[in-house]
> 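Okay, here's the structure, questions in a sec.
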Amino acid sequence: MSKSIEGRIDTIHKMAREHFGEVRFVGIKKHTKIGWVAKIQFDEFESLIAEGEDAIDALKKLRKRLRKIIARYNMV
């Protein structure tokens with residue numbers, strides 16, 4: 001079963017909301033110079049951004065980055 005882009009965004013949004021509280025948005029867009037950019041914007045923290053070759057690659061990198069931050073946060 002292949003995951004849709006919307007499904008990946010929902011998963012990232014749910015993970016971020018569970019660990020950080022309020023999330024303004026999770027989205028993806030194609031930037032003319034650097035390619036695909038996935039972004040989580042929080043109300044109280046700085047944004048998290050990941051770049052990729054395509055939309056799915058950017059979302060995978062963003063999810064991996066989010067998981068690392070959550071793991072580091074849970075260690076403290």
> Can you tell if the side chain of L62 reaches within under 4.5 Å of the side chain of I28, non-hydrogen atoms only?
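Of all side-chain heavy-atom pairs linking I28 with L62, none is under 4.5 Å.
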
> Would you indicate whether the side-chain heavy atoms of R63 and M15 approach each other to under 4.5 Å?
yes

> Output the distance between atom CG (L59) and atom CD1 (I12), rounded to the nearest 0.5 Å.
4.5 Å

> Specify the closest pair of heavy atoms between A58 and A38, including all atoms of both residues, with the distance to one decimal.
O-CB, 3.7 Å

> Measuring from H19:NE2 to L66:CG, what's the distance to the nearest 0.5 Å?
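Answer for the NE2-CG pair, H19 versus L66, is 7.5 Å.
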
> Please determine whether a side-chain nitrogen of the Lys or Arg among D57 and K61 lies less than 4.0 Å from a carboxylate oxygen of the Asp or Glu.
yes

> Quick check: are there more than 12 heavy atoms from other residues, nucleotides or ligands sitting under 6.0 Å from NZ of K30?
yes

> Check whether F25 and V23 end up in the same hydrophobic cluster, where Ile, Leu, Val, Met, Phe, Trp and Tyr are linked by side-chain heavy atoms less than 4.5 Å apart.
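No; V23 is not reachable from F25 via cluster members.
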
> Going by the side chain to side chain donor-acceptor pair (under 3.5 Å) test, which pairs reach into residues 34-56, not counting sequence neighbours?
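Listed once each, the pairs are R24-D43.
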
> Using side-chain hydrogen bond (donor to acceptor under 3.5 Å, both in side chains) as the criterion, list what pairs up with R67, not counting sequence neighbours.
none

> Hey, does I40 have a side-chain heavy atom less than 4.5 Å from the side chain of F20?
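Sidechains of I40 and F20: no contact.
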
> Starting from V37 and following side-chain heavy-atom contacts under 4.5 Å between hydrophobic residues (I, L, V, M, F, W, Y), which residues can be reached?
I34, I49

